[in-house]
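Structure first, commentary second.
Note on naming: letters A, B, ... go to the chains in the order of the sequence lines (proteins, then strands), and numbering restarts at 1 for each one. As the structure is a prediction and not an experimental result, all values here were calculated from the model.
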Amino acid sequence: MNDIFEDLQWRGLIHQTTADELLPKWLSSGSRTVYAGFDPTADSLHVGSLLPLMMLRRFQKAGHRPIAIAGGATGMIGDPSGKSAERNLQTPEQLAANLAGIESQMRHVLDFDCGDESAVLVNNNDWMSQFSYVEFLRDVGKNFPVNVMLGKDSVKSRLSSEAGLSYTEFSYMLLQAYDFVHLNREHGCELQIGGSDQWGNVTAGIDLGRRMLGAQLYGMTCPLLTKTDGSKMGKTESGAIWLSAKRTSPYKFYQYWLNVADEDTGTCLRFLTELERSEIEALDESRVSAPEQRASQKKLAEELTRLIHGPSGLATALQATEIFFGAEIENLDDRQLTDIFADVPSCELPATELAGEGLGIMDALVKSGLMKSNGEARRSIKQGGIYINNRRVGEIDRRLTPADLTSETVVVLRSGKKKYALLRFSS
RNA sequence: GGGGGGUUACCGAAGCGGUCAAACGGGACAGACUGUAAAUCUGUUGGCUAUGCCUUCGCAGGUUCGAAUCCUGCACCCCCCA
């Protein structure tokens with residue numbers, strides 16, 4: 001059992017704890033059960049969940065038992081953290097499908113089958129839905145002094161704002177607090193971890209545990225993973241970065257991390273990877289001495305892609321990266337191309353188009369959707385912005401023939417630096 | 001209800017009878033440079049079977065050899081007075 005507390009501390013992952021003095025000893029003196037909450041509103045987690053997920057992984061590796069709790073019930077109500085839109089109720093089928101998707105992703109990070117320290121995924125709707133309103137008020141609500149609740153930052157800030165706070169949102173902390181009590185009773189869970197914005201909810205759970213069970217529970221929060229400009233990690237103009245390969249291809253996932261700004265990379269390495277301190281410090285150094293090599297970003301992207309998408313996902317991402325940034329495309333088969341160009345639009349054409357004179361390049365560009373009109377295609381070619389299989393096209397009367405097929409049936413068209421389209425010639 | 005102003009390409013904005021596919025700025029796209037960054041520089045930015053042809057300047061008509069530009073009606077927007 002290594003000293004997890006010290007490791008977390010130098011990584012900067014400890015924002016606040018409920019027992020600064022006791023916690024290190026408590027963690028190193030036995031196997032504990034730890035939980036963190038996740039949002040089951042989609043069938044995949046996104047990059048924002050990576051930090052708590054890695055936290056659980058660190059605890060599991062240090063010999064503790066992780067519990068991931070999906071907020072099937074609390075997710076319907078909404079944390080009163082300035083969200084404007086009402087949450088929608090999900091059907092039980094949707095929720096089940098989402099949980100299944102999330103669990104399959106968690107399996108990459110957590111070990112669900114290793115005896116005493118096996119990870120567990122639970123859904124708080126399973127026990128919340130058992131309560132009647134009166135029962136909940138009697139068993140749980142009775143233990144919440146309103147003056148304490150009013151003292152929480154999340155409530156105070158909302159009360160003084162114009163938006164106000166609905167009774168439902170005000171009650172949110174009771175639900176989350178009860179989760180902790182339930183997990184303690186059913187699973188012996190004694191520590192809750194979460195983002196620093198969860199502090200109020202975490203401590204509410206600890207208070208409730210003491211009142212209802214007389215139990216000594218602990219809480220720990222991590223800093224939020226944000227970029228230096230204050231925006232959230234994991235968001236791009238085109239949407240969130242997901243952990244599911246279906247929603248975000250391994251290539252895009254890899255590229256996201258490869259493109260992290262220098263200033264943010266050190267934090268990401270500490271928060272999201274398991275690299276040794278010495279290695280991370282060497283990378284910090286490299287960002288000063290040889291920033292153009294971006295060794296930190298490469299390592300970060302590599303570690304995370306391997307963890308989430310496995311060695312084969314990483315291999316695909318690396319191969320795709322090589323191709324997307326210049327390498328000529330050759331010696332690949334349809335399967336590999338399909339993997340690599342997973343995000344790229346493609347269009348089917350009959351193989352006969354290639355026969356005889358072949359298919360005019362301008363025609364091909366328009367049909368692929370890469371260019372809106374012949375005129376645009378003509379311009380781009382003249383400007384040197386069009387490539388076939390990553391080889392620049394020189395003349396506008398270039399024609400595609402079977403010799404241009406880079407695999408059994410595919411020709412790869414590219415406009416500019418990164419815009420690709422596949423033409424599939426089926427017989 | 002009365003008076004005035006506006007509606008131009010992706011956006012903003014010139015043009016006020018021919019030389020207008022329409023200045024200029026932004027954006028976007030491409031190229032060079034570069035660290036797959038930022039900045040910078042260059043080019044392009046209605047369509048086509050392309051030194052020409054076609055369709056565009058709120059909508060519908062009209063005047064004229066010729067209209068984004070003038071006239072009439074309609075729609076929408078803004079301002080001022082009641």
Mark yes when over 12 heavy atoms from residues, nucleotides or ligands other than A:E292 sit less than 6.0 Å from its CD; otherwise mark no. yes
Pairing check on B:G1: which nucleotide meets the Watson-Crick or G-U wobble criteria with it, both distances under 3.5 Å? B:C81
How close or far is atom C1' of B:G35 from atom CD of A:E292, stated in whole angstroms? 7 Å
Is it true that A:T265 and A:D262 share a donor-acceptor pair across their side chains at a distance under 3.5 Å? no
Between A:S380 and B:U44, is there a side-chain N or O to OP1/OP2 distance below 4.0 Å? no
Which value, in whole Å, describes the distance between the C1' atoms of nucleotides B:G18 and B:A67? 9 Å
Please report, rounded to the nearest Å, how far the C1' atom of B:G35 is from the CG atom of A:L258. 10 Å
Sort out the partner of B:A32 for me: Watson-Crick or G-U wobble, both distances under 3.5 Å, none otherwise. B:U40
Less than 4.0 Å between a side-chain N and a carboxylate O, is that true for A:R306 and A:E302? yes
For A:K419 and A:G375, find the nucleotide of RNA chain B closest to each by heavy atoms; which residue's nucleotide sits nearer the 5' end? A:K419
For the pair A:H182 and A:Y178, name the ring-plane relationship: parallel under 30°, tilted 30 to 60°, perpendicular over 60°. tilted
Sugar-phosphate only, base, or nothing, as touched by A:R294 at under 4.0 Å among non-hydrogen atoms: base
Any donor-acceptor N/O pair under 3.5 Å between B:U36 base and A:Q255 side chain: yes
Taking a pair as Watson-Crick or G-U wobble with both distances under 3.5 Å, which nucleotide is matched to B:G27? B:U45
Over how many whole Å does the gap from A:Y387 atom OH to B:A30 atom P extend? 10 Å
Can you tell me how the ring of A:H46 sits relative to the ring of A:W242, calling it parallel under 30°, perpendicular over 60° and tilted otherwise? perpendicular
Please classify the nucleic acid contact of A:T321 as base, sugar-phosphate, or nothing, using heavy-atom distances under 4.0 Å. base
Roughly how many Å is it from CD in A:E376 to P in B:A50, rounded to a whole number? 19 Å
In whole angstroms, how far is the P atom of B:A28 from the CE atom of A:M371? 17 Å
B:C79 and B:A9, which share atom name P, separated by this distance in whole Å: 22 Å
Pairwise P distance for B:G12 and B:G66, with rounding to whole Å: 33 Å
Given B:G47, B:A30, B:U49, which nucleotide is nearest the side-chain atoms of A:Q383? B:A30
May I ask you to decide if the ring planes of A:F324 and A:F341 are parallel, tilted or perpendicular, using 30° and 60° as cut-offs? perpendicular
Given the P atoms of B:U63 and B:U69, what is the spacing between them in whole Å? 15 Å
Proximity to the side chain of A:R378 - top-ranked nucleotide from B:U44, B:U34, B:U49: B:U49
Sugar-phosphate, base or nothing in reach of A:D262, heavy atoms under 4.0 Å: base
Take atom P in B:U8 and the same atom in B:G15, then report the distance between them in whole Å. 14 Å
Could you please name the option among B:G35, B:U44, B:G31 that lies closest to any side-chain atom of A:K417? B:G31
Indicate whether the side chain of A:Q192 and that of A:Q198 have a donor and an acceptor atom separated by less than 3.5 Å. no
Quickly work out the A:K227 NZ to B:A38 P distance and round it to whole Å. 12 Å
B:G18: pairing nucleotide in any strand, Watson-Crick or G-U under 3.5 angstrom: B:C65
How many Å lie between CD on A:Q297 and C1' on B:U36, as a whole number? 11 Å
Whole angstrom value for the distance that separates C1' of B:U36 from OH of A:Y254: 11 Å
Which comes earlier along RNA chain B counting from the 5' end, the contact point of A:N259 or that of A:R414, where each point is its nearest nucleotide? A:R414
Rounding to the closest angstrom, what is the interatomic distance between B:C16 and B:A21 at atom P? 15 Å
Considering every strand and a 4.0 Å limit on heavy-atom distances, what is the contact class for A:R392: base, sugar-phosphate, or nothing? sugar-phosphate
Euclidean distance for C1', B:A23 against B:G58 (whole angstrom): 22 Å
So what's B:U7 paired with, Watson-Crick or G-U wobble, going by both distances under 3.5 Å? B:A75
On a whole-Å scale, what distance lies between the P atoms belonging to B:C65 and B:G4? 32 Å
